[in-house]
Amino acid sequence: DSTGYQTPNWVYGGFVHDQWKVNDRLTVNYGVRWDAFKIGQYGVPGNPNYCAGAMDPLHGTYIIPANPGACATVGQAPCIPTPNGTLPPNVVIAPGGHIFRNVYDNWQPRIGLAYRLGEKTVLRAGYGRYFDQYNGVDSALFQSQGLWPDNNSITNTGLNTTYVTTYAENPLNLTPGEKILPDPNGPFDISTLWRDPRMKNAFADEWSVGVERQLTPSQLLTVNYVGERGMRIPIGGDFGNAVTPGPGNPLLREEFPYIPEGTALARDWGRNWYEALQATLQRKFSSGFSYTLSYTWSKAEDFAGAQDWS
């Protein structure tokens with residue numbers, strides 16, 4: 001239960017579907033589904049936890065949902081560590097107060113055809129688009145917890161020694177009344193796996209064409225061609241490096257030199273493809289036994305479809 005810790009995610013969906021029997025040979029099934037994803041935000045507006053941000057390495061910015069005010073006024077994180085609370089260079093406020101963008105283009109058409117070629121043969125074909133349901137988005141939102149201009153970490157390097165450096169009454173050696181403040185050199189020195197704020201959920205186009213033939217009263221042969229194309233698949237990569245090859249110091253060719261080299265980012269640039277010829281022979285016996293013989297000849301390709309690093 002994330003009540004009080006997160007602005008919730010919402011999914012709105014609807015579909016229409018119909019069947020049309022064109023004649024005694026042809027039947028058509030068709031429809032369309034639409035899903036809208038209203039993505040939440042870590043924290044709740046009006047609460048201090050609402051101000052944790054995230055980096056956008058593709059555009060060279062660090063995004064926060066709101067300005068919590070100057071540290072000199074607020075007194076503790078989250079706050080902006082500048083004299084008057086102005087945002088540091090390349091730090092921006094998220095549009096509408098939400099770092100991750102909503103997704104409204106999840107249109108999913110579906111169509112299927114069945115055509116009887118004769119008394120024993122049927123031709124079938126179908127196509128559909130199917131979207132992923134953003135199962136991991138909650139984890140991505142909670143990863144913003146404690147990030148600049150918030151601060152939920154305390155650094156103490158004197159705890160693993162062979163002599164006593166702290167006591168049970170104050171294990172972290174905190175100064176009484178001391179307030180935790182954000183890194184004054186942040187936020188571009190943060191090292192973590194970022195998620196592209198414009199990242200959209202993955203989808204797959206799937207289609208098939210096949211023939212079904214009754215060979216005997218007890219034998220059925222089916223041959224299908226099936227295909228699939230996956231788009232917007234999550235893929236990881238390192239950013240902050242020089243974007244073009246050339247002589248000399250590569251640091252001088254970085255697009256955003258203030259973003260550390262090797263900054264990790266997940267985005268939706270992955271792709272995958274699948275094609276197959278599938279054949280199935282089925283036979284039923286009067287005794288209740290049956291057998292099924294299947295053969296598949298297929299090819300699969302992907303561009304980091306398993307979230308590998310490119």
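Quick note: numbers below take in every heavy atom, side chains included, and nothing from hydrogens, waters or symmetry partners. Sequential numbering from 1 along the given sequence is applied to the chain's residues.
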**Message:** Would Phe37 and Asn9 count as a side chain to side chain contact (heavy atoms under 4.5 Å, CB included) here? Give the steps.
**Reply:** CA-CA 7 Å; Phe37 291 89; Asn9 304 307; over 6 Å; no
Side-chain donor-acceptor pairs of residues 10-18 under 3.5 Å, sequence neighbours excluded:
{"residue": "Asp18", "atom": "OD2", "partner": "Tyr30", "partner atom": "OH", "Å": "3.1"}

Which heavy atom in [X] sits nearest to a heavy atom in [Y], and how many Å separate them?
X	Y	answer
Asn249	Arg253	O-NH1, 3.8 Å
Val74	Pro68	CG2-O, 3.3 Å
Ala36	Tyr104	CB-CD2, 3.8 Å
Val44	Tyr50	O-CB, 3.3 Å
Ala276	Thr296	CB-CG2, 4.1 Å
Pro65	Ala94	CA-CB, 4.2 Å

Side-chain touch [X]/[Y], heavy atoms, less than 4.5 angstrom:
X	Y	result
Pro88	Ile80	yes
Asp268	Ile233	no
Lys200	Asp105	yes
Leu87	Ile64	yes
Arg229	Glu275	no
Ile180	Gln76	no
Arg271	Met231	yes
Ser298	Tyr274	yes

Grouping I, L, V, M, F, W and Y whenever their side-chain heavy atoms are under 4.5 Å apart, do [X] and [Y] come out in a common cluster?
X	Y	answer
Trp207	Val223	no
Val211	Tyr115	yes
Tyr225	Ile111	yes
Met55	Ile93	yes
Leu220	Phe289	no

**Asked** Yes or no on salt bridge (charged side-chain N to carboxylate O under 4.0 Å, His left out) for Arg232 and Asp132, after CA distance, side-chain angles and deciding distance?
**Response** CA-CA 10 Å; Arg232 304 195 320 207; Asp132 178 54; over 6 Å; no
**Request:** On the 0 to 90° scale, with breaks at 30° and 60°, tag the Phe188-Tyr62 ring pair as parallel, tilted or perpendicular.
**Result:** perpendicular
**Test side chain to side chain contact (heavy atoms under 4.5 Å, CB included) applied to Glu206 and Arg129, Arg110, Glu228, the passing residue** = Glu228
**Complete:** Of Pro83, Pro149, Pro81, Pro184, the one forming a side chain to side chain contact (heavy atoms under 4.5 Å, CB included) with Cys71 is Pro81
**Message:** With side chain to side chain contact (heavy atoms under 4.5 Å, CB included) as the criterion, how do Phe303 and Ile235 come out once you've worked through the C-alpha distance, each side chain's angles and the decisive distance to 0.1 Å?
**Reply:** CA-CA 8 Å; Phe303 174 63; Ile235 176 177; 3.6 Å; yes
**Request:** Give the C-alpha distance, both sets of side-chain angles, the deciding distance and a yes or no for side chain to side chain contact (heavy atoms under 4.5 Å, CB included) between Thr27 and Val22.
**Result:** CA-CA 6 Å; Thr27 301; Val22 181; over 6 Å; no
**Message:** Whether the side chain of Asn272 engages the backbone of Gly230 through a donor-acceptor N/O pair (distance < 3.5 Å, no angle test) should be reported.
**Reply:** yes
**Message:** Looking at Tyr291, I want to see if its OH is surrounded by more than 12 non-hydrogen atoms of other residues, nucleotides or ligands under 6.0 Å.
**Reply:** yes
